[in-house]
Every structure is written in structure tokens, then in C-alpha cells.
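Below you will find the structure I want to go over with you.
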Amino acid sequence: MAEQRFIIEMGMGNDLHGRDYTKAAARAIEDAIRHSSIPMFEALGLDHAQMRVQVTVGVQAPERVDCAALAKGLPRGRVEVTAVHGGLDVTNPDNGAVTVIASAAVEAFLDPALVSGR
């Protein structure tokens with residue numbers, strides 16, 4: 001049986017002055033997972049390594065996101081990070097400074113047999 005998604009969290013992050021898309025994406029991911037706790041693993045005796053974590057970040061310049069660095073920052077599971085076109089770049093009309101706004105979706109997947117077979 002295919003893996004089944006059991007959690008999705010959304011977040012938003014920004015970089016106000018550096019136009020750093022990776023920093024904005026990292027803050028969006030942190031926002032998404034900051035309030036999450038998944039007691040199911042301890043309750044069922046599951047190893048976090050059995051969870052696949054798929055992160056999608058949206059920014060205006062996805063080619064400027066260091067997905068490998070973002071993946072290393074997630075605390076659990078087998079992590080995949082993908083950057084796609086999204087988010088916002090907002091230019092200050094007074095000085096031309098650009099604020100980068102990123103959005104993130106953090107999804108977690110498990111083989112349902114791991115849970116139902118208990």
C-alpha cells in the first residue's frame with residue numbers, strides 16, 4: 001500500500017533586508033512546525049525514521065533556495081525539500097529594498113500498515 005499523508009502544516013517567513021530566499025524559506029518552515037507535536041510515534045512505538053517528510057516552499061526565485069540546507073534543518077524523518085515559484089517579493093518604493101516572503105507546506109507520510117497493524 002502507498003504511503004498516506006497524516007499531517008500537513010503551513011507557514012510563512014520572510015527576509016526583510018537581505019533578499020535571502022533560503023532564510024525566508026527556513027523561517028516559513030520553522031513557522032509551520034513550531035507548534036507541532038506528534039505523540040503518535042511514542043504512543044505506537046514507531047521510529048521517526050519511518051516517516052517521510054515532504055516540504056514545499058514557494059518563493060519568487062526558487063533557483064536561489066538551498067534545499068539541501070533546509071532539509072538538514074528539519075528534526076525528524078526522511079526529508080525532501082522542493083522550492084517552487086510562489087511567495088512574494090515586495091519592493092519599498094522609497095528606497096528599492098526588497099522584502100522576500102516565502103510560504104511553506106510541511107507534509108508527513110507513513111505506510112498505513114505501520115499504524116493499522118498495531
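The structure displayed is predicted, hence computed values, not measured ones.
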(request) Measure across Val59 and Ala102 and return the closest heavy-atom pair with its distance rounded to 0.1 Å. (result) CG1-CB, 3.5 Å
(message) Looking at Gln60 and Gly87, would you say the former's side chain and the latter's main chain have a donor-acceptor pair under 3.5 Å?
(response) yes
(message) For a quick test of reading the model, state the closest non-hydrogen atom pair linking Cys67 to Ala83 and the distance between them.
(response) SG-N, 3.8 Å
(message) Please find the pair of heavy atoms, one from Ser103 and one from Ala28, that lie closest to each other, and give the distance.
(response) C-CB, 4.0 Å
(request) Please name the pair of heavy atoms, one in Arg5 and one in Ile7, separated by the smallest distance, quoted to 0.1 Å. (result) CG-O, 3.5 Å
(request) Could you check if a side-chain atom of Phe109 sits within less than 4.5 angstrom of a side-chain atom of Met51, using non-hydrogen atoms only? (result) no
(request) Would you check, one step at a time, whether the test salt bridge (Lys or Arg N to Asp or Glu O under 4.0 Å) holds for Asp20 with Arg64? (result) CA-CA 8 Å; Asp20 185 328; Arg64 292 178 55 188; over 6 Å; no
(message) Treating Thr91 as the side-chain partner and Gly96 as the backbone partner, does any N or O pair qualify as donor plus acceptor under 3.5 Å?
(response) no
(request) Taking atom CD of Glu63 as the centre, report whether more than 12 heavy atoms of other residues, nucleotides or ligands fall under 6.0 Å from it. (result) yes
(message) Tell me whether Ile38 shares a hydrophobic cluster with Leu114, the cluster being built from Ile, Leu, Val, Met, Phe, Trp, Tyr side chains joined at under 4.5 Å.
(response) yes
(request) Inspect the surroundings of NE2 in His85 and state if more than 12 heavy atoms from other residues, nucleotides or ligands are less than 6.0 Å away. (result) yes
(message) Distance check, rounded to the nearest 0.5 Å: Asp15 atom CG versus Asp89 atom CG?
(response) 10.5 Å
(message) Please determine whether a side-chain nitrogen of the Lys or Arg among Arg78 and Glu3 lies less than 4.0 Å from a carboxylate oxygen of the Asp or Glu.
(response) yes
(request) Provide the closest heavy-atom pair for Val65 versus Tyr21 in the form atom of the first, atom of the second, distance. (result) CG2-CB, 3.9 Å
(request) Search all heavy atoms of Ala32 against all heavy atoms of Glu9 and return the closest pair with its distance. (result) O-CB, 3.2 Å
